[in-house]
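In this text, all values refer to a predicted model and were calculated from it rather than measured experimentally. Every heavy atom of this structure was used, including side-chain atoms; hydrogens, water molecules and symmetry mates were not. Lettering follows sequence order; numbering is per chain, from 1.
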2 protein chains.
Amino acid sequence: MSQQGERFPRISNIPAYQRVAEMIEQEIVSGRLRPGEALGTEAELVKQFGVNRSTVREGIRLLEQGGLIRRDPSRRLIVGLPHYDKLSTRVSRALILHQVSFLELWEATMALGLATFELAMNRATPELIERLERNIAETEAAKHDPARVGELDGEFHILLEEASGNRVLQLAREPSNMLIYSVTELVVGDISHGAERLIQAHRMLVQSLKDKDVELGKLWTRRHLNDWRKGFELGGRDLNQPLDSVLLDATRMRESASRSAAE
Amino acid sequence: MSQQGERFPRISNIPAYQRVAEMIEQEIVSGRLRPGEALGTEAELVKQFGVNRSTVREGIRLLEQGGLIRRDPSRRLIVGLPHYDKLSTRVSRALILHQVSFLELWEATMALGLATFELAMNRATPELIERLERNIAETEAAKHDPARVGELDGEFHILLEEASGNRVLQLAREPSNMLIYSVTELVVGDISHGAERLIQAHRMLVQSLKDKDVELGKLWTRRHLNDWRKGFELGGRDLNQPLDSVLLDATRMRESASRSAAE
DNA sequence: ACCAATTTGTCCGTATGTATG
DNA sequence: TCATACATACGGACAAATTGG
């Protein structure tokens, strides 16, 4: 231990529940505790840390939210592998709170989409191509349900990411995924034949994957996203308007529509 | 006990502390509580929710970690705007846990870097260019300290993102930022003149921003990242090896070096 | 299907440190 | 300086749920 110099870095200034959380976190990230393992009972943690049970519980809550710890069916604490979607909801809320515009979303989606496609081209397996084709078939069947189309479109792009074999790219896109679904639902909903154009684009993308035709794939990625953008603009919306207000308006309209339908 | 079918999904089974967290969260995301506003004291929340103090505190911890709630200097609770870096540490831990390789990191960084640069070209303000130049000067001064160079390199790229004016792209890169710093520190540390090459690349990037020369900027972005990759490989490391083990090894070596130096 | 032990969820009361006026 | 309000932390308690015999 370093004896001199810093004196003691005011360890006591950090609340005990935070230190409990940090120490558990350390055990996990260092690999001494592995995902799936039991963390032990609260009583055991009380003994180990020498703090009150309430304090332990507060510390646990901190980690629970991040997904680093979760409860198994019997509510015992186990180490969890924070999974993408767990994190992404929080992050996409941050996006909304930060009031990004459609333009920002579109630019980023374009950049990530092109890169994803290029990588997917070299790495796509027959199995993934088949899943992409199944997704297209499902979309075809659901083309009159905008919400479902938005979901399936999201799934399609997630499959492409998976095909790219690059988890960093996958994670990079995650924050915006939820926003993308919502906007797509909006766009498909008020453009006639919106779903058809989307399906055609997806078909061409899969085709170019099969033919290993990079340029065709990039071309259709651009077309697909340009369509998306045009659809957004055709709804009379402003590219630079914060998306949260756009989506909020849409939700309100949907709600009032369903209310009046109920009466 | 419930006798028949599934009836209602056991609402009473959701712990009170979670419901407390959800209700507060709702107030915030719905906009009824705005970032910066005070949340009220614990005692007040106890009254409003009709639960015990401990329960309220556990609920608060859940939100605290996500950044939705902060404490001001006097430890009073206020609504916080979850900021990028708060989230990113969690996400980059997820990355490490998921054992991504350098190759994945490199591919994603390349795609995002090129896109960022293109946008920054059109939107960079004189003020940001000046900050970029100051960063280069600082890097020059610290070129013998790998850790500091890694930090400043990270800052440089964050400034570029800021210049791009695209917060989605910014967020997309966030997860990997911490990994990038660490790897850069590693690479700069064991390549002679590694820092010089890095500084030159940064200089050329700023120059092309000033001249609005997109192609030059992209060229140097590629060079910069190819250098980074070569540096990684020169250290005898495998592009496909999970990064967490690479970084763990490096940390161990640094620790044993400082231990033996202390004796 | 019942019972006993364990564990979590919740509550109560109280003490201490600290920031604010 | 002192008083107050508040967050932090502790100890003990009981009910409800879960587990294992």
Problem set entry | Nearest-nucleotide comparison on DNA chain D, the residue closer to the 5′ end among A:Val51 and A:Arg76 |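 Final value for this comparison: A:Val51.
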Problem set entry | Closest-nucleotide ordering on DNA chain D, the 5'-leading residue of B:Ser54 and B:Gly40 |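 Between the two, 5'-proximity favours B:Gly40.
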Is the closest basic N to carboxylate O distance between [X] and [Y] below 4.0 Å?
{"X": "B:Glu42", "Y": "B:Arg71", "value": "no"}
{"X": "A:Arg131", "Y": "A:Glu162", "value": "yes"}
{"X": "B:Glu130", "Y": "B:Arg134", "value": "yes"}
{"X": "B:Lys47", "Y": "B:Glu44", "value": "no"}

Exercise. Side-chain N or O of A:Thr55 less than 4.0 angstrom from OP1 or OP2 on D:dC10?
Worked result: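 Checking A:Thr55 against D:dC10: at least one side-chain N or O falls below 4.0 Å of OP1 or OP2.
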With respect to the side chain of [X], which nucleotide from [options] is positioned closest?
{"X": "A:Arg75", "options": "D:dA9, D:dC6, C:dG9", "answer": "C:dG9"}
{"X": "B:Arg61", "options": "D:dC10, D:dT8, C:dC11", "answer": "D:dT8"}
{"X": "B:Glu42", "options": "D:dA7, D:dA17, C:dT7", "answer": "D:dA7"}
{"X": "B:Arg57", "options": "C:dT8, C:dC11, D:dA7", "answer": "D:dA7"}

Problem set entry | Polar side-chain contact B:Arg53-C:dG13 base: donor and acceptor under 3.5 Å |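 There is none.
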Just how far, in rounded Å, is [atom2] of [N] from [atom1] of [X]?
{"X": "B:Ile69", "N": "D:dA7", "atom1": "CD1", "atom2": "C1'", "value": "14 Å"}
{"X": "B:Ile60", "N": "D:dT8", "atom1": "CD1", "atom2": "P", "value": "8 Å"}
{"X": "A:Ile78", "N": "C:dT7", "atom1": "CD1", "atom2": "C1'", "value": "15 Å"}
{"X": "A:Asn52", "N": "C:dT10", "atom1": "CG", "atom2": "P", "value": "16 Å"}
{"X": "B:Leu39", "N": "D:dA7", "atom1": "CG", "atom2": "C1'", "value": "14 Å"}
{"X": "A:Leu45", "N": "D:dC10", "atom1": "CG", "atom2": "P", "value": "14 Å"}
{"X": "B:Tyr17", "N": "C:dC11", "atom1": "OH", "atom2": "P", "value": "13 Å"}
{"X": "A:Gln18", "N": "D:dT8", "atom1": "CD", "atom2": "P", "value": "9 Å"}

For this session: Determine whether A:Pro175 and B:Glu174 make a side-chain contact, defined as any pair of heavy atoms from C-beta on separated by less than 4.5 Å.
Result: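 No, too far: nothing below the 4.5 Å cut-off.
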